[in-house]
Amino acid sequence: MLTKNISVFLGATVLTVAIISPAIARDQIRIVGSSTVYPFATAVAEEFGRKTKFKTPVVESTGSGGGLKLFCEGVGEKYPDITNASRSIKSSEIKRCAKNGITEIVEVKVGFDGIVIANSKKSERIELSLRDIWTALATEISVNGVMVTNPHKFWNQVNPTLPHKKIEILGPPPTSGTRDAFMELAMEGGCKTYPEIKAIKKKNKKAYKAICHTIREDGAYIEAGENDNLIVGKLQANPDAFGIFGYSFLDQNSDVIQGNLVNGKEPTFDNISNGSYPVSRSLYFYIKKAHVDKTSGIREYLKEFTSENAMGEYGYLAEKGLIPMPTAELEKMREDAKNLVTLSN
Amino acid sequence: MTDLKQNTASLKSQARLKKRYRKERLFKAIGLSGLLSGLLALTIMMISILSTGLSGFSETRIKFDIYMDPEIIGSTDGYDETEYRDHIAQINHSTLIRNSLKIKFSDVKGRRDVFNLQKLVSSGSREEVRRLLIEDKNLIGKTIAMDLLASSNVDMYVKGQISRDVNQSERKISDRQLAWLDILESEGRILKGFNWKFFSTGDSREPELAGILGAAMGSFLTLLVTLLIAFPIGVASALYLEEFAPHNKWTDLIEININNLAAVPSIIFGLLGLAIFLNVFNMPRSAPLVGGLTLALMTLPTIIISSRAAIRAVPPSIRDAAIGMGASNLQAQFHHVLPLSMPGIMTGTIIGMAQALGETAPLLMIGMVAFIVDVPQGVLDAATALPVQIFLWADSPERGFMEKTSAAIIVLLVFLIMMNGLAIWVRHKFEKRW
């Protein structure tokens, strides 16, 4: 008896699945890419879905590199239309795209993001230079021109003006775009203040990079995963620790954590916007031009993203922690996006 | 001489006995403390989830008088129902709300202040005004008292998660907004209620609008596919291996492999799903169909192993009796062995499904970790799953998502407890003892 019931049940459910599966058609934009751009892209996607007759786009957070890899796999229904990136596309990626038939890529700059070095409000705010950051975090540092394993345990060993506290920094793992940008802007920026290392750059670029783009693995730098909320929580629990993450997390949690000064500049909206805060980067997204009139809604999505309502000074993205571009640049970009100006190879 | 010998022997054995008892007591104590520390960890976890999560089920609303200004809405004369609906969808609902808020606080001047005033209510309140107008066109020109959804920051403040003692630059609510809220509070216009939306909408970037229906639906569709694939294949394989297959090197090899597969990390199945279903069969990304197939691969070993154990537990006398009465082997299996082993099979299946419900890692690879607003309607629509939604919310910068994360964890735990409870019930209800 039971078996009969089961077979009826199975038959019924198989039938249901067969009925509820519609034909595959792409009337929905697919977006992949950076976890830093994700909060902004999703906000636009939601507003776009609410305002227009199109379906709300699907946004995946795959990381900048992962997103561009998926993006460059080909043209067609199964490949994403747009990828977000917290850095600009590399020439190797443009080549990869071209190899798979994607020759026309439209680049849209979203705005800026600052990478902050924050700590708990219970602690005092400190002033770091890029040189201090590199000297505290590199695997090997230069002492009188000789490279030695980083001996520093306390901040005041790095720079006597800093407090006598253990060096303890929570930051993103190597898969993160934030980490890439931090390496390039903060670590390399501090590294090249040593003339003897800067001299290596001319002779051997690889060796130079190997020296500048390393982070010590003896416990002073703690990889905290991609979850920045976790870092914020840990900073509150441990007032001596510092955390590295995007400006939007500082902005949302400004009652419990503070951003420390880098090269004398505080990570504020204005300082990042005008470029005087040294650890800031541009955020982008890339569109496959071949998909523009195939997947419905791409033009309208672009329009929504670049509108004053979203990207402008008082737009809803600014509220989410995005630092908008200066007006002139924004207007040029809006015009280029409208005309789908592609990257020149 | 012998007495003395015996005496010392018994003394020695008594000492040994004492030592053995001591060891036993020590072991008991260690076991008990292990159990207690486990319980303690569970209690701490439950308390922390419940204390942050329960407030996620409530929402804050502010009572405002909204003037349905005919000038903003425009003329709707001669429109039929669909034309009227399209027209109402197009009008500027923000202006309607903003103007009504300005009537309430008539001293508010300047762009920045008006902007801040408008920020008291959620962007979702536009939708509420729109729905009300579509329902009843007679409201145009009238002033309606509406309970508008408060923005997440106001909600957080009302729930006591934003302190007013700190400097205004350090909190998400300005002094001006606090003053307005104080007035509203004293007039009894701030209301708290149950957050039904949480169970009836999909994801959102605004914490006060976010719901778990999309994720729950995604989980349901995914598990449905998993069940449809894994259950018949799993039970059939178990039955074949246990009752029909010859016992030789090949079946031994298969058995070892199945046992090993049960211990393979779930992310590996995600990679397999990506390679086979997406890259070879060209199935759509983020679809519950692919998620279900991938999770089916993962649950199959669990179902096969538990089904085999259940089938093995049926006494051979029942098979022998059936065959003795003239039933074929197949009849004996399907009429007697399978129904009798069904409680055990069901228990194993439900536990396997509960495991699949909690998985995120394999779904990451096939694109189900994504921001999806629309509630999925079929197995080919883009969808996420409950644990994925928890992961995504936990990673959002907005403070309001913290309680939503814990609230979603509570919902997931309730589902898991229900499934495990069902497994226990099935076992007790249908189990036969021989």
Side-chain angles (χ1 to χ4, degrees), chain A residues 1-3 6 10 13-14 16-17 19-24 26 28 30-32 35 38-47 49-50 55-62 70 77-80 121 226-230 232 245-246 248-256 258 314 316 319-321, chain B residues 111-112 115 119 123-124 126-127 162-163 166-167 169-172 202-206 209 221 224-225 227-228 231-232 235 278 282-287 289 334-335 338-339 342 364 367-374 377-382 391-392 394-399 401-402 405 430:
Chain A
M1 235 30 235
L2 197 55
T3 40
I6 287 166
L10 283 181
T13 26
V14 167
T16 342
V17 169
I19 292 166
I20 57 182
S21 310
I24 309 168
R26 265 281 291 279
Q28 192 170 27
R30 308 284 316 218
I31 303 166
V32 293
S35 56
Y38 174 86
F40 310 127
T42 47
V44 174
E46 189 178 352
E47 187 68 18
R50 220 183 284 155
K55 275 194 182 174
T56 308
V58 172
V59 189
E60 268 184 70
S61 166
T62 61
L70 285 169
E77 225 179 49
K78 59 181 269 201
Y79 304 106
K121 277 237 150 120
E226 296 261 16
N227 190 331
D228 296 337
N229 271 337
L230 205 70
V232 173
F245 40 77
S248 57
F249 280 84
L250 175 65
D251 184 46
Q252 292 285 342
N253 295 289
S254 50
D255 54 338
V256 287
Q258 60 192 355
Y314 293 118
Y316 56 82
E319 218 169 289
K320 295 256 170 232
Chain B
R111 199 178 122 70
R112 199 71 202 156
F115 184 73
K119 283 274 157 285
S123 56
R126 296 195 295 251
E127 186 66 22
I162 293 180
S163 159
V166 294
N167 197 327
S169 65
E170 291 161 8
R171 55 175 136 78
K172 301 301 288 177
D203 196 6
S204 169
R205 283 296 301 151
E206 307 303 327
L209 297 175
L221 291 168
L224 185 69
V225 175
L227 182 68
L228 288 180
F231 184 73
V235 174
L278 292 187
N282 279 332
M283 288 182 179
R285 260 182 97 79
S286 318
L289 177 66
F334 276 88
H335 293 178
L338 205 54
M342 216 21 112
L364 188 74
M368 284 183 80
V369 179
F371 175 73
I372 292 158
V373 174
D374 303 328
Q377 304 297 324
V379 291
L380 290 172
D381 286 358
F391 169 74
L392 288 173
D395 208 13
S396 303
E398 290 83 2
R399 187 73 63 82
F401 275 119
M402 212 143 81
T405 308
F430 299 106

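Chain letters run A, B, ... following the sequence lines, proteins first, then strands; residues in each count from 1.
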Verify, without hydrogens or angle tests, whether A/Gln28 (side chain) and A/Thr56 (backbone) share a donor-acceptor contact under 3.5 angstrom. yes
Do the side chain of A/Lys121 and the main chain of A/Ser254 share a donor and acceptor less than 3.5 angstrom apart?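 Yes, A/Lys121 side chain to A/Ser254 backbone: donor-acceptor pair under 3.5 Å.
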Do you know which of B/Arg126, B/Lys119, B/Arg285, B/Glu127 has the most heavy-atom pairs under 4.5 Å to chain A? B/Arg285
Could you tell me which of B/Asp374, B/Leu209, B/Asp203, B/Val369 has the largest number of non-hydrogen atom pairs under 4.5 Å with chain A?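 Winner by heavy-atom pair count: B/Asp374.
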Should we say atom CZ of B/Phe391 is surrounded by more than 12 heavy atoms from elsewhere, each under 6.0 Å from it?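 Not more than 12 within 6.0 Å, no.
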What part of [X] is in contact with chain B, defined as an atom under 4.5 angstrom from a non-hydrogen atom: side chain, backbone, both or neither?
| X | result |
| --- | --- |
| A/Tyr38 | side chain |
| A/Thr42 | both |
| A/Glu47 | side chain |
| A/Pro80 | neither |
| A/Leu230 | neither |

Can you tell me which portion of [X] sits under 4.5 Å from chain A's heavy atoms? Options are side chain, backbone, both or neither.
| X | result |
| --- | --- |
| B/Ser204 | both |
| B/Ile162 | neither |
| B/Ser163 | neither |

For the atom pair CG (B/Leu392) and CZ (B/Phe401), what is the distance rounded to the nearest 0.5 Å? 9.5 Å
Rounded at 0.5 Å granularity, tell me how far OH in A/Tyr316 sits from OG in B/Ser123.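 A/Tyr316 OH to B/Ser123 OG: 10.0 Å, rounded to 0.5 Å.
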For a quick test of reading the model, state the closest non-hydrogen atom pair linking B/Pro284 to B/Leu380 and the distance between them. CG-CD2, 3.8 Å
Contact summary for A/Ala41 and A/Val59, nearest pair of heavy atoms: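 Closest heavy-atom pair between A/Ala41 and A/Val59: CB-CG1, 4.2 Å.
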Among A/Arg50, A/Gln258, A/Arg30, A/Lys55, who wins on heavy-atom pairs under 4.5 Å with chain B?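 Most heavy-atom pairs under 4.5 Å with chain B: A/Arg30.
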Is any side-chain N of the basic residue among B/Glu206 and A/Lys320 closer than 4.0 Å to the acidic one's carboxylate O?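 Here B/Glu206 pairs with A/Lys320 in a salt bridge, since their nearest N and O are under 4.0 Å apart.
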